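Before any comments, here is the structure.
Remember, it's a predicted structure, so these values are computed and weren't measured experimentally.
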Amino acid sequence: MEDNKPWALISEVGKQGYIEEVTDIMKQHFQIICHKVFLQNPQLHGPKIQALFVWNAFPEAEPSLLGLLPSLKVVANGGVGIDHLDVPYINSLGVKVTNTPDVVTDATADMALGLLLASARKIVEGHQIAVNPKTTYIPQSLMGVEVTGSTMGIIGMGRIGCKIAQRGKGFDMKILYHNRNRRSVEDEQALGASYCENMDDLLKESDFIVLAVNLTPETTGLISHRELSLMKCTATLVNVSRGLVVDQDALVKALHSGTIHAAALDVTHPEPLPRDHPLLSLPNVLITPHVDTNTYTTTRKMVQKMVENAVAAVKGQSVPNEVKPN
């Protein structure tokens with residue numbers, strides 16, 4: 001029975017790869033081989049592999065690897081963003097590309113609000129003071145920013161943006177949003193969200209700006225010197241999209257000069273940042289290492305969806321989450 005299962009190439013189990021608990025999902029339908037083992041004898045293993053599972057952008061679906069996989073039928077990506085994949089090139093090889101759009105939505109929205117709250121209420125700094133054996137009093141520097149009743153501007157109102165808006169509504173926040181396409185009146189009413197056709201208006205009015213866009217040529221460097229200069233000096237920038245959406249040099253300058261109050265980032269470029277990067281030493285920056293989907297529940301759902309997509313592609317069936325080139 002095992003010999004009848006198609007082969008799939010994965011990154012690794014443990015370290016930067018998959019947690020052990022999800023390998024059973026893949027093994028139900030595929031014989032899996034880790035990248036390091038594959039490279040020991042690519043001529044032997046390459047012709048057998050029909051699915052490539054990409055997790056945290058690895059293994060890199062580059063021509064040098066794809067050329068070793070003549071039987072490949074699908075590149076199944078874990079997560080929504082596919083900016084690390086050359087979809088037209090992969091498709092030109094007769095290989096489908098898939099992602100996992102729906103299952104990451106809630107965890108990413110939770111992370112956005114978590115970053116916003118942690119930054120506004122200085123939760124990390126508070127913890128450090130609370131556990132410091134030298135602490136004898138609570139300094140006034142722990143004074144935070146009110147979240148309830150503030151204005152949150154969401155740039156990118158897709159699945160994740162809508163979920164962020166729902167969470168903000170629970171904090172009685174005024175919700176503004178900017179998107180390529182305006183949502184329906186029904187969506188706006190349900191979310192309590194107001195559309196800003198001009199992104200500049202959102203930047204000027206918001207206390208918290210949350211970035212939830214896909215990385216595209218149009219969104220690369222979307223937030224730079226000009227955009228930061230339009231924000232309130234009391235505003236906080238929250239990014240759960242991609243690091244390249246923000247001009248990091250401009251962000252460092254804005255944070256250092258007081259142009260904006262703070263930044264809370266789950267994404268940077270590169271990841272991780274060089275240890276001497278100025279963002280790492282600014283007191284008004286909160287950074288997490290791109291862990292928005294890192295929950296056991298979401299990770300299992302992502303791998304399950306990757307496997308479902310890959311099985312459909314290998315069997316020549318309709319693929320639920322196929323990504324088409326723009």
*Would you indicate whether the side-chain heavy atoms of Leu228 and Ile223 approach each other to under 4.5 Å?*
yes

_Run the side chain to side chain contact (heavy atoms under 4.5 Å, CB included) test on Glu188 and Arg182 for me, step by step, so that the C-alpha distance in whole Å, both residues' side-chain angles and the decisive distance to 0.1 Å come before the verdict._
CA-CA 9 Å; Glu188 291 182 350; Arg182 185 171 183 172; 2.8 Å; yes

*Step-by-step side chain to side chain donor-acceptor pair (under 3.5 Å) determination, Asp172 to Thr148*: CA-CA 6 Å; Asp172 294 327; Thr148 299; 5.8 Å; no

*asked:* If we ignore hydrogens and angles and just use 3.5 Å, is the side chain of Lys174 paired with the main-chain N or O of Gly149 as donor and acceptor?
replied: no

_Could you check whether any side-chain heavy atom of Asn91 comes within less than 4.5 Å of a side-chain heavy atom of Val87, counting everything from C-beta outward?_
yes

*Counting distance only, does the side-chain N/O of Asp207 pair as donor-acceptor with the main-chain N or O of Met152 below 3.5 Å?*
no

_Let me check something: do Leu265 and Val238 share a hydrophobic cluster, defined by ILVMFWY side-chain heavy atoms less than 4.5 Å apart, either directly or through other members?_
no

*Residue pair Phe30 / Ala51: nearest heavy atoms and the distance that separates them*: CE2-CB, 3.9 Å

*Over 12 foreign heavy atoms within 6.0 Å of CD, Gln317*: yes

*Determine whether more than 12 heavy atoms belonging to other residues, nucleotides or ligands lie under 6.0 Å from atom NE2 of His256.*
no

*asked:* Ring-plane angle category for Phe58 and His35, please: parallel below 30°, perpendicular beyond 60°, tilted otherwise.
replied: perpendicular

*Main-chain N/O of Leu215 paired with Asp83 side-chain donor or acceptor, under 3.5 Å*: no

_Heavy-atom check, side chain of Met199 versus side chain of Leu222, under 4.5 Å_ = yes

*For Ile138, does the CD1 atom have more than 12 heavy-atom neighbours from other residues, nucleotides or ligands under 6.0 Å away?*
no

*Is Arg167 paired with Asp106 through a side-chain N to carboxylate O contact shorter than 4.0 Å?*
yes

*Where is the tightest heavy-atom contact between Pro88 and Pro325, given as atom of each residue plus distance?*
CG-CB, 3.9 Å

*Between Met157 and Ala193, what is the shortest heavy-atom contact and its length?*
CE-CB, 4.0 Å

*Should the ring pair His178 and Tyr195 be called parallel, tilted or perpendicular, given that the plane angle runs from 0 to 90° and is split at 30 and 60?*
parallel

*Polar contact flag, side-chain donor to acceptor under 3.5 angstrom, Asn321-Thr98*: no

*Output yes when a side-chain donor or acceptor of Lys96 lies under 3.5 Å from a complementary backbone atom of Val75, and no otherwise.*
no

*Within a reach of under 6.0 Å around NZ of Lys122, are more than 12 heavy atoms found that belong to other residues, nucleotides or ligands?*
yes

*asked:* Between the side chains of Asp24 and Arg300, is the shortest nitrogen-to-carboxylate-oxygen separation below 4.0 Å, so that they form an ion pair?
replied: yes

*Run the ring-centre check on Tyr18 versus Trp55 and record whether the distance is less than 6.0 Å.*
yes

*Taking C-beta and beyond as the side chain, do Leu286 and Val124 meet within less than 4.5 Å on heavy atoms?*
yes

_Is any side-chain heavy atom of Ile260 closer than 4.5 Å to one of Thr236?_
no

*Could you tell me whether the side chain of Leu230 reaches within less than 4.5 Å of the side chain of Arg226, counting heavy atoms only?*
yes

*Do Thr219 and Asn214 come close enough that some side-chain heavy atom pair is under 4.5 Å?*
no

*Judged by atom type as modelled, is there a donor-acceptor pair below 3.5 Å linking the side chain of Asn77 to the main-chain atoms of Ile82?*
no

